[in-house]
There are 2 protein chains.
Amino acid sequence: MPYRKLTIEDVAHKAGVSRATASRVLNNAPGVSADLRTRVDRVVADLGYRPNAAARALASGRRDALDLVVIACHGDISLFGAQPYYSRVIAGVLSALAGTDTQLRVNVAGADEAAELVDRVAQSVTAGAVLVNVSPALAARFHARCRRVVSLGATAPQVPAVEPENSRAAYEAISLLHRIGRRRIAAIHGPDCNTCAAGRRAGHLEAIRELGLPDIAVDGGFRREGGYAAATRLLAEHPDLDGIFAACDMMAAGAIQAITDAGRRVPDDIAVVGFDDSAVAACVSPPLTTMRLPVEQMAAAATRALLEGAAAPHWRRFFPVDAVVRSSTGPDAALGLPPARSPHPVAALAGRT
Amino acid sequence: MPYRKLTIEDVAHKAGVSRATASRVLNNAPGVSADLRTRVDRVVADLGYRPNAAARALASGRRDALDLVVIACHGDISLFGAQPYYSRVIAGVLSALAGTDTQLRVNVAGADEAAELVDRVAQSVTAGAVLVNVSPALAARFHARCRRVVSLGATAPQVPAVEPENSRAAYEAISLLHRIGRRRIAAIHGPDCNTCAAGRRAGHLEAIRELGLPDIAVDGGFRREGGYAAATRLLAEHPDLDGIFAACDMMAAGAIQAITDAGRRVPDDIAVVGFDDSAVAACVSPPLTTMRLPVEQMAAAATRALLEGAAAPHWRRFFPVDAVVRSSTGPDAALGLPPARSPHPVAALAGRT
DNA sequence: CATAGTTTGGAGAGCGCTCTCAACGGAACC
DNA sequence: GGTTCCGTTGAGAGCGCTCTCCAAACTATG
């Protein structure tokens, strides 16, 4: 290896200053004359020097990394690959991190390994941790032990959080189905251990109570196959079903497949509303009416709050979830909808670059 | 904060041993009596002590992290959220990292920031770096500067790599379309800066040369909208088109949409073959015949090679890419196919846990 | 010209850990 | 009994950097 390890000492020596001055320049600290500053900067550029992250972290107590902590339901990491949600989270975090010199560390663990994860993150974190799908109890532990933490989605009250209006959105999804004349509406919800799933379930319950609809619901595990199985079962048990609300697009995709396989039509026989507006929503046939979850923006907002140290206990930032009407709810669904309040995720993200 | 920072000194003192002995126990180093070992272990457990990662990295030169380096085409980070490919890579890496105490760091940069990224990774990496979509020149730089590096996909010859048989798979996709009687076959390929796209394009060219087909091809940028636009243009310029090969499923989904919007049918008028077997393949209508790319396994293999230090220069591991025949190529497509050689990604991943 | 105030730069003490090296004690051998 | 040797333990020197002093060099003031 022709590449010799450079230290700040090399830089200081070559620039003819002390280690301390070189350090000041590197950290943009005040108290260095413009002359020396440019001299050191030039040497740094010439040598291609980069400070050692570990040494810097050790000496300063600061950290150049931000943790993303994902608790996988039932320890099932494969959902990470199957659900577009997570890569959207990562894209959002990365967009907020761009140009900050902060690195992203991804931690995925099952609930059983979570305790160890708290220790690990607590020990190392400084920039902070974005918590995804972390239970209230666990989030509280993270909050107590780690310095900075922001949860993506509802969690324990004292833990700062960026929250999508899951409940209201689910309520609106059901209302939408109701508005186009559907009365036998079933919900395919997500796993219990997921707080977002819980919020959507709550909105569903509220809506059916207000609208006087029956409570027909099954768990689809946030997976396509789960959605397929759930819809198959629903169709068998409730032959008169005319609407399905799925708590994520992948389950909705599975449900549409099941409905089609059962020889029924979407939206004519059964209208379907999904949740997330993920990449699959537009791909399925018919294109899926769904609730647009601004995942990228939420993740970016959480990240920024962390970087700026803005996340005090009880800090909250709410994100609207709007309906994106496509064909799976028929031609009349767009009527009487409140206007969308958030820009499209992809467009907004592109706009930032 | 009620939580006091623990050091190895606290552990050593409480266990009545020296710092050195405590360190030996923590690192499973030999030369410690069983008696002391259990005593230290107990204190560690009692105190909930976890070594400081930064200090450990600094002192040992080792790193508890593994880097994932993704070079985004044209610096476009948003593709990260739009393409299921990347989250599958992450899922694969994480599955190989599970239980190793190694953390994953995700670095995404445009080609222009790549130089800086090399410095950064070189300065900090030890467990290694998995390179995704890194050009041969840049990969060679990484390889020269960093200690351990494995590329996901073809790259410079000296750089260790895990390679999907992109070229052969594309060849087979075209053959499949040819076998079911299609003769006016177009390709929607990926961006030039992507080595996988290049491999698939090469296979396409080889196939049409052998089969005596015309070279009809456009770039779809690995995005759904790109696939839609490409297919729309192809349909206009080549009204007699009867087959489309898309270099990724998202583009294939867009193409199917375009074909349908143009009033033509899949597969009757135009058969479509995608690439990746990502989550959308099964969701589109008709379900997409595609080439199954074992992304998770490849990423896991690359990670394991890194962890085990097995990746010598010129090291190569090839992964077969098999056809998954669904409906977008009609009823006869399954005939005459070579048997699949790789397990289904999701099933295989689930099997590991 | 002396004194106090203000920059600017350097010396040096750690940050928490690893790892080499030397010391120690007991077993084995001559 | 003395020597050698091995297994075990501790002392201490860093790893590369930050950051707090403190000294030196200026500038402003009386």
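The sequence lines fix the lettering, A, B, ..., with proteins before strands; numbering per chain opens at 1.
Between A59(B) and A34(B), the residue anchored nearer the 5' end of DNA chain D, judged by the nucleotide with its closest heavy atom, is A34(B). Residue L36(B) is the one, among L36(B) and A55(B), whose nearest nucleotide of DNA chain D lies closer to the 5' end (criterion: closest heavy atom).
Shown here are the side-chain contact (heavy atoms from CB on, under 4.5 Å) partners of D46(A), two or more places apart in sequence or in another chain: R42(A).
At dG10(D), one or more side-chain N or O atoms of S18(B) fall inside 4.0 Å of OP1 or OP2 (strictly under the cut-off). Taking side-chain N and O atoms only, N27(A) has a distance below 4.0 Å to OP1 or OP2 of dT18(D). Of the side-chain N and O atoms in Y49(B), one or more sit less than 4.0 angstrom from OP1 or OP2 of dC17(C). For dT9(D), the OP1/OP2 oxygens have a side-chain nitrogen or oxygen of S33(B) closer than 4.0 Å. Residue S23(B) has no polar side-chain atom (N or O) positioned under 4.0 Å from OP1 or OP2 of dC17(C).
Heavy atoms of other residues, nucleotides or ligands lying less than 6.0 angstrom from NE2 of H314(A) number more than 12.
A heavy-atom distance below 4.5 Å is not found between the side chains of Y49(A) and V43(A). Counting only heavy atoms from C-beta outward, the side chains of L131(A) and H143(A) never approach each other to under 4.5 Å.
No engagement by L26(A) is indicated, since no non-hydrogen atom pair under 4.0 Å with the nucleic acid exists.
Taking only side-chain atoms of A20(B), from C-beta outward, the nucleotide of dC19(D), dA13(D), dA11(D) with the closest atom is dA11(D). With dG10(C), dG10(D), dC17(D) as the choices, the nucleotide that has an atom nearest any side-chain atom of T21(A) turns out to be dG10(C).
As a whole-Å value, the separation of N52(B) CG from dC15(D) P is 18 Å. Summarising the geometry, the separation between CZ on R24(B) and C1' on dG10(D) is reported as 8 Å, rounded to the nearest angstrom.
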